[in-house]
Amino acid sequence: MEPWDSADLDRAAECLARARYVIALTGAGLSVESGIPPFRGPGGLWTRHGEPPLDGYQRFLSDPRRAWEERLNPNGPMRELWEALAAARPNPGHQALVELEELGLLRCTITQNVDDLHRAAGSTRLLEIHGNATLIRCIVCVARFPREGIDFAELPPRCPHCRGILKSDTVSFGEPIPPDVLERCFEEAEQADCMLVAGTSATVYPAAQFPVSIHQRGGDLIEVNPYESDITPLCRVALRGAGGELLPQLVERVRRM
Ligand code: APR
C-alpha cells in the first residue's frame, strides 16, 4: 500500500478546485476513527461475523413485532454496532467535509452511514441513502420521526399520522431505498463532474453506481481509503490513508489554491 504523497494531495485539490459541481460519497470507513467498525475488510463486522441475511426487510414485514423486539434488545454484531454508534462522535474527516461545504465547493454529501455523524458535524447538504439510526420511518406514508419521541410500549409502534407500521429509518437488506432520498441522490449524481469517495468499498448498490456513472460521463473521482476498493481503477487520484487524517489536509490544500 503506497502511502499518499504531497503531489497526490495537490492533484486532488486541483481536481476539486477546477470542478463545476462536486459531491461526496461516504461509507463506514469514514466513521472508523469515531470508533465504529467498518462492515468489510480488516476488522469488518461482516468479515468477523458473516454477512447478515439479505431478506431482512421481508423478515420485518412477516413479523414486525418480533423484529422490533430484536431491535430493542440486540445481540451479537448488531449489539456491537448500535453500542458503537451510541458512543461515537464526529471525527476530523466529517468536519473536513463540512468545511468544503462552507467553502461552497461541496454541493452535497451522499452517505451510506446511518450513524448521524455527518449531521452532528454540521453537514447541511446531506443525503442519507441508507437512512439514519436516530430516526423512525412509517413504511406507508414515509413520514420520519425522532426515535426518542416514539412510544415502544405497543409493538410494532404505529405512525401518528396514518397508523401505518413504524420501522427504524435504517434501510434493511432487501428493502427498497425510500424514493424521496433515492431521487435526490440521482439528481445530485447527474449534476456532478467530480466526486470525493471516502471510506467506502463501493460494493453496495445503488450507491456504488454513482461514482461509476460520474466516471462514465468523464468526471473525476478522488478516493480516500487506506485500501484499494472496487472503484480505485476509475479514480483520477487515489489517496491511500485514513479519512480523518487526509481530508483535513485536502481542505488545507484547497484553501491555499
Ligand atoms: N478512512 C477511510 N476509509 C477507511 C478507513 C479510514 N480510517 N478505515 C477503513 N476504510 C475503508 C475500507 O478500506 C473499506 O474500503 O472503508 C471501506 C469500508 O467499506 P465497507 O465496510 O464495505 O462499508 P461501506 O462501503 O460503507 O458499506 C456499504 O454495506 O453493509 C452495508 O448498509 C451497509 O452502508 C453499508 C453498505
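Just follow the structure's listing: the first ligand is 1, and inside any ligand the first atom is 1. A quick note: this is a predicted structure, and the numbers were derived from the prediction, not measured.
Considering backbone and side-chain N/O of T203, none are found under 3.5 Å from N/O of ligand 1. Annotation: N113 places no N or O atom under 3.5 Å from an N or O atom of ligand 1; distance criterion only. Distances between N or O atoms of S229 and those of ligand 1 include no value under 3.5 Å. Every N/O-N/O distance between V204 and ligand 1 stays at or above 3.5 Å.
Nearest protein neighbour of atom 9 (C) of ligand 1, counting heavy atoms only, is G29 CA, 3.9 Å. Looking only at protein heavy atoms, the nearest one to atom 12 (C) of ligand 1 is N225 OD1, 3.5 Å.
For the side-chain contact (heavy atoms from CB on, under 4.5 Å) criterion with I110, the lone passing option out of I23, V181, L126 is I23. With H118 as reference, T111 is the one residue of T111, T124, N132 to meet the side-chain contact (heavy atoms from CB on, under 4.5 Å) rule.
Note on ring orientation: taking the six-membered ring where Trp is involved, the planes of F186 and F210 are perpendicular (angle over 60°, cut-offs 30° and 60°).
Note on E70 versus R65: no salt bridge recorded, every NZ/NE/NH1/NH2 to OD/OE distance being 4.0 Å or above. Contact check on R137 versus E175 returns a salt bridge, with a Lys/Arg side-chain nitrogen under 4.0 Å from an Asp/Glu carboxylate oxygen. Salt bridge E128/R119: present, at least one basic N to carboxylate O contact under 4.0 Å. D169 and R147 are not joined by a salt bridge, as no carboxylate oxygen comes within less than 4.0 angstrom of a charged side-chain nitrogen.
At a heavy-atom cutoff of 4.0 Å, ligand 1 is contacted by no atom of Y205, backbone or side chain. Using a 4.0 Å cut-off between heavy atoms, R40 contacts ligand 1 through both its backbone and its side chain.
Ligand 1 places these atoms under 4.0 Å from at least one heavy atom of A28: 23 (O), 24 (P), 26 (O). Applying the 4.0 Å criterion to heavy atoms of Q112 picks out, from ligand 1, the atoms 28 (C), 34 (O). Close approach of ligand 1 to G199 is summarised as follows: ligand atoms under 4.0 Å from at least one heavy atom of the residue are 2 (C), 3 (N), 16 (O), 17 (C), 18 (C). Under a 4.0 Å criterion applied to the non-hydrogen atoms of G243, ligand 1 contributes the atoms 1 (N), 2 (C), 6 (C). Close approach of ligand 1 to P38 is summarised as follows: ligand atoms under 4.0 Å from at least one heavy atom of the residue are 21 (O). Heavy-atom proximity to G27, at under 4.0 Å, picks out these atoms of ligand 1: 26 (O).
The shortest heavy-atom distance from P226 to ligand 1 is under 4.0 Å.
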Residues H161, F145; criterion ring pair (Phe, Tyr, Trp, His ring centres under 6.0 Å); working and verdict: CA-CA 11 Å; H161 297 173; F145 309 91; 5.1 Å; yes
Please assess R255 against E99 for the test salt bridge (Lys or Arg N to Asp or Glu O under 4.0 Å), listing each intermediate value before the final yes or no. CA-CA 10 Å; R255 284 186 191 285; E99 288 180 52; 2.7 Å; yes
